[in-house]
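Computed from a predicted structure; not experimentally measured. Every chain is numbered from 1 and lettered A, B, ... according to where its sequence line falls, protein lines coming before strand lines.
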Amino acid sequence: MPELPEVEVTRRGIDGPLRGARVQSLSLGKPLRWPLGIAPATLEGAAIDGVSRRGKYLWLQFSEGAGGLLIHLGMSGSLSLLQEPGPPGPHDHFSMGTSAGTLRLTDPRRFGAVVWSAALEHEPAARLLSRLGLEPSDPALTPGLFHAALKGRRTPIKSLLLSGEVVVGAGNIYACEALHAAGIDPRLRSDRISRPRAARLLQAVRETLERALALGGSTLRDFRDAHGMDGEFQSEARVYGREGQDCARCGGIVRRLVQAQRSTYFCAGCQRR
DNA sequence: AGTTAAACCTGGTTGC
DNA sequence: TGCAACCAGGTTTAAC
């Protein structure tokens with residue numbers, strides 16, 4: 001469900017309210033991708049410093065050496081901060097009562113995770129974050145560096161974007177949209193992309209993610225922010241989910257294919273090899 | 001070493 | 001209507 005914009009929208013909804021709040025209770029539902037890694041009662045009484053983000057992971061930092069929680073929303077997860085929680089539903093698998101409300105993870109498919117770690121630099125957080133590329137907002141990610149990173153890779157550019165090994169944050173929707181915006185065929189081998197086109201693609205990734213963030217993310221089925229609001233980006237998608245429709249830019253037909261077991265949507269008319 | 005399949009789960013939609 | 005097949009915003013692990 002959530003790509004970088006949706007995760008960041010979620011973060012912004014909970015960071016302010018949770019700062020300084022204290023954990024009062026913690027309960028779990030069915031198992032998520034990985035176990036919490038700590039007895040839930042251990043965290044009771046801990047104060048929350050804040051919530052940051054790395055790629056599509058959220059990091060909820062506790063005060064005074066109490067570590068933190070690394071949270072991933074998987075494919076179908078969403079976090080909400082509830083003032084009047086009510087009992088957990090069948091898809092609520094993590095609930096943390098705090099003095100600022102109950103933080104609850106709803107995740108039908110259970111690909112998400114909430115994992116305790118002593119610090120971001122310690123296991124298991126360090127291992128989970130170790131393969132992540134640079135943040136799209138990182139000034140160190142220059143067009144030259146991006147182009148150089150594509151040079152050694154023979155995998156199709158769509159798959160490389162999706163992997164997050166070079167730049168994090170673009171999942172299936174935004175990888176398709178950024179490639180369309182940049183006019184690049186998703187099947188093109190990464191190392192065959194010229195420097196000017198790489199620069200254009202990097203810019204497209206950044207603009208696509210920023211635009212989605214400004215619109216509150218995409219709500220295809222069930223994404224909601226921490227206040228239960230829909231995102232609006234999905235209505236701006238040019239290719240994602242639009243198989244058979246006309247391309248808004250060139251009038252071609254949007255096609256769908258499968259790469260690395262994921263659907264890719266693109267316009268064969270204006271996305272060139 | 002690098003790239004691609006299989007796996008993890010549930011639920012909604014499509015088609016026979 | 002019933003049921004099977006396919007599809008879904010992600011990532012790790014195992015296998016070529």
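Residue Tyr174(A) places no side-chain N or O under 4.0 Å from the OP1 or OP2 atom of dG10(C).
When the P atom is compared between dA5(B) and dC7(C), the two are found 15 Å apart, to the nearest whole Å. Nucleotides dC9(B) and dA14(C) are separated by 15 Å at their P atoms, to the nearest Å. For the P atoms, the distance linking dA6(B) with dC6(C) amounts to 14 Å, nearest Å.
Every residue two or more places apart in sequence or in another chain that forms a salt bridge (charged side-chain N to carboxylate O under 4.0 Å, His left out) with Arg54(A) is listed here: Glu135(A). With sequence neighbours left out, the side-chain contact (heavy atoms from CB on, under 4.5 Å) criterion links Arg256(A) to Glu243(A), Val258(A), Ser263(A), Tyr265(A). Every residue two or more places apart in sequence or in another chain was checked for a salt bridge (charged side-chain N to carboxylate O under 4.0 Å, His left out) with Asp246(A), and none qualifies. Remark: Arg11(A) engages Glu8(A), Asp15(A) in a salt bridge (charged side-chain N to carboxylate O under 4.0 Å, His left out) (not counting sequence neighbours). Contacts of Ser99(A) classified as side-chain contact (heavy atoms from CB on, under 4.5 Å), with partners at least two apart in sequence or in another chain: Ala21(A), Arg22(A), Gln24(A). With sequence neighbours excluded, the residues that form a side-chain contact (heavy atoms from CB on, under 4.5 Å) with Leu128(A) are Trp34(A), Tyr57(A), Leu70(A).
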Dot-bracket pairing map - DNA chain C, Watson-Crick plus G-U, both contacts under 3.5 Å, | cross-strand: .|||||||.|||||||

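Heavy-atom distances under 4.0 Å link DNA chain C to no residue of residues 146-155 of chain A.
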Listed pairs, N/O of protein and of nucleotides 11-14 of chain C, under 3.5 Å:
{"unit_1": "dT11(C)", "atom_1": "OP1", "unit_2": "His72(A)", "atom_2": "NE2", "d": "2.7"}
{"unit_1": "dT11(C)", "atom_1": "OP2", "unit_2": "Lys56(A)", "atom_2": "NZ", "d": "3.0"}
{"unit_1": "dT11(C)", "atom_1": "O2", "unit_2": "Arg33(A)", "atom_2": "NH2", "d": "2.3"}
{"unit_1": "dT12(C)", "atom_1": "O4'", "unit_2": "Arg33(A)", "atom_2": "NH1", "d": "3.4"}

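There is no side-chain donor-acceptor pair under 3.5 Å between Ser80(A) and Arg104(A). For Glu177(A) and Thr208(A), the side-chain atoms include no donor-acceptor pair closer than 3.5 Å.
Of the two residues contacting DNA chain B, namely Ser159(A) and His91(A), the nearest-nucleotide position lying further toward the 5' end is that of Ser159(A).
Nucleic acid contact for Arg189(A): none, since no nucleic acid atom lies under 4.0 Å from a heavy atom of the residue.
Sorted by first and then second residue, the pairs that involve residues 203-213 of chain A and meet salt bridge (Lys or Arg N to Asp or Glu O under 4.0 Å), not counting sequence neighbours, are Arg211(A)-Glu236(A). Residue pairs meeting the salt bridge (Lys or Arg N to Asp or Glu O under 4.0 Å) criterion with at least one partner in residues 195-204 of chain A, sequence neighbours excluded, do not occur; the list is empty.
Ion pairing of Glu165(A) with Arg153(A) is present here, as a side-chain N (NZ or NE/NH1/NH2) and a carboxylate O approach within less than 4.0 Å.
Here Leu201(A) contributes atom CG and Leu160(A) contributes atom CG; the two are 9.5 Å apart, rounded to the nearest 0.5 Å.
Along DNA chain B, read 5' to 3', the first and last nucleotides having any atom under 4.0 Å from a heavy atom of chain A are dT3(B) to dG11(B).
For the side-chain contact (heavy atoms from CB on, under 4.5 Å) with Val167(A), the lone residue among Leu4(A), Leu134(A), Leu161(A) that qualifies is Leu161(A).
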